[in-house]
There are 2 protein chains.
Amino acid sequence: MLTEPISLPVRGDADVDLDLHFILSDIVQLSGRVTRLAHRVTQGPEGPATWRTLAVLQQSGPMRLGELAAMSQVAQPTMTKIVAGLVEREWVKRIADADDARAWQIGLSAKGILKLTEWRANLATALMPLFEDLTEDDRRTVRTAIDILRPRIDLGTTAIPVAGKD
Amino acid sequence: MLTEPISLPVRGDADVDLDLHFILSDIVQLSGRVTRLAHRVTQGPEGPATWRTLAVLQQSGPMRLGELAAMSQVAQPTMTKIVAGLVEREWVKRIADADDARAWQIGLSAKGILKLTEWRANLATALMPLFEDLTEDDRRTVRTAIDILRPRIDLGTTAIPVAGKD
DNA sequence: TGCGTATATATAGCCTGGCTATATATACTG
DNA sequence: CAGTATATATAGCCAGGCTATATATACGCA
């Protein structure tokens with residue numbers, strides 16, 4: 001290595017480490033690496049967008065394409081593309097909306113549920129070796145952190161202004 | 001909503017929630033949403049790959065393109081593309097490797113450090129409102145979880161077989 | 001009723017960031 | 001110094017982002 005690692009603030013200090021700015025930066029950085037790793041250890045042409053979309057449908061049930069786009073944090077035309085792919089694979093079904101001929105309800109198919117479940121199982125199996133040695137306390141801490149963060153991220157899905165709009 | 005949300009296993013039960021499979025699934029799912037949200041609240045044409053790459057360089061200092069690819073969890077040709085963009089923007093510099101004329105050392109430039117720092121600040125500012133009300137205990141829990149997970153994810157970067165190789 | 005506006009989705013066209021296969025240049029080894 | 005190994009680059013494909021815009025339907029009101 002030619003030079004020392006570059007690092008502006010003094011990390012490793014409890015006060016700094018508990019600063020929300022640093023926590024948020026670290027969460028985002030770690031999340032990026034996790035997402036990348038998850039994609040890499042599972043094969044197949046489906047990218048993160050596909051699984052994210054299916055997960056939303058599983059969590060919240062059938063919904064309109066536009067709602068799905070918002071909840072999946074993509075623009076509507078992007079979701080049109082993703083759904084087109086999912087329909088072709090028969091992992092979701094389009095149900096005509098009885099009240100509004102412009103809209104569809106998009107819902108998971110049995111096949112879609114199966115594929116999502118399979119993917120998650122593969123993922124967990126692949127990552128398991130890295131985490132097998134977590135103590136019960138560690139697992140509890142991680143679980144708690146997830147439960148703290150998740151509702152706030154969900155909020156971000158609807159409550160945060162998206163850059164480049166308005 | 002036409003039907004009930006679909007959910008196969010019985011979540012909300014402590015035994016199930018502490019099962020490593022579910023923790024891992026939840027981490028990956030949450031990470032995907034965080035990554036997406038982070039990208040969305042920061043504008044500019046740079047995608048997650050760019051910031052991930054810069055972050056690796058900041059954390060570990062200058063290194064060869066191939067190493068950088070491995071640590072950033074992408075294939076070498078992908079990193080060639082990313083680095084080409086970064087060089088054009090002058091956010092990194094290529095330093096000829098004295099020992100090996102085939103290789104370069106890739107290092108952050110002052111401009112690169114600045115841009116990365118700016119991006120992180122923007123990000124933290126944008127996400128802050130969602131997390132301002134975290135208690136000190138919550139922050140401590142999240143910080144601890146990050147510190148538990150990070151080294152294991154780093155390990156995954158080198159120690160986990162990538163799907164589709166060998 | 002029918003016109004004008006609003007809204008839901010689709011299309012077009014562009015960009016980044018992934019990949020595999022392969023080329024090229026340099027290094028290493030017998 | 002020939003032959004193999006290795007570091008990066010190139011080519012060419014695909015998914016998944018975006019904005020701008022088209023199309024079809026819904027809605028509000030004179």
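Numbered from 1 within each chain, the chains take letters A, B, ... in sequence-line order. The figures here come from the full heavy-atom set of this structure, side chains too, leaving out hydrogens, waters and symmetry mates.
Between A/Thr35 and B/Ser31, the side chains place no donor N or O within less than 3.5 Å of an acceptor N or O (distance only, hydrogens not considered).
Not counting sequence neighbours, the partners of B/Thr144 by the side chain to side chain contact (heavy atoms under 4.5 Å, CB included) test are A/Thr141, B/Ile148. The ring-ring contact (aromatic ring centres under 6.0 Å, His included) test applied to A/Trp91 returns A/Trp51, not counting sequence neighbours. Under the salt bridge (charged side-chain N to carboxylate O under 4.0 Å, His left out) criterion, A/Arg102 pairs with A/Asp100, not counting sequence neighbours. By the side chain to side chain contact (heavy atoms under 4.5 Å, CB included) test, A/Ala69 is found to be paired with A/Val74, A/Met79, residues two or more places apart in sequence or in another chain being considered. Listed by chain and residue number, B/Glu90 satisfy the salt bridge (charged side-chain N to carboxylate O under 4.0 Å, His left out) test with B/Lys111 (two or more places apart in sequence, or in another chain).
The side-chain hydrogen bond (donor to acceptor under 3.5 Å, both in side chains) analysis of residues 118-127 of chain B, with sequence neighbours excluded, yields the pairs A/Gln29-B/Arg120, B/Thr42-B/Trp119, B/Gln58-B/Arg120. For residues 128-139 of chain B, the side-chain hydrogen bond (donor to acceptor under 3.5 Å, both in side chains) pairs, not counting sequence neighbours, are A/Arg152-B/Asp133, B/Thr135-B/Asp138, B/Glu136-B/Arg140.
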Protein-to-nucleotide contact annotation, 5' to 3' order, nucleotides 23-30 of chain C [B base; S sugar-phosphate only; - none; under 4.0 Å, heavy atom]: --BBS---
For a quick check, with a 4.0 angstrom heavy-atom cut-off, what is the B/S/- contact string for nucleotides 10-18 of chain C, read 5' to 3'? BB-B--SBB
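Separating the CG atom of B/Asp97 from the P atom of D/dT6 is a distance of 16 Å, rounded to the nearest angstrom.
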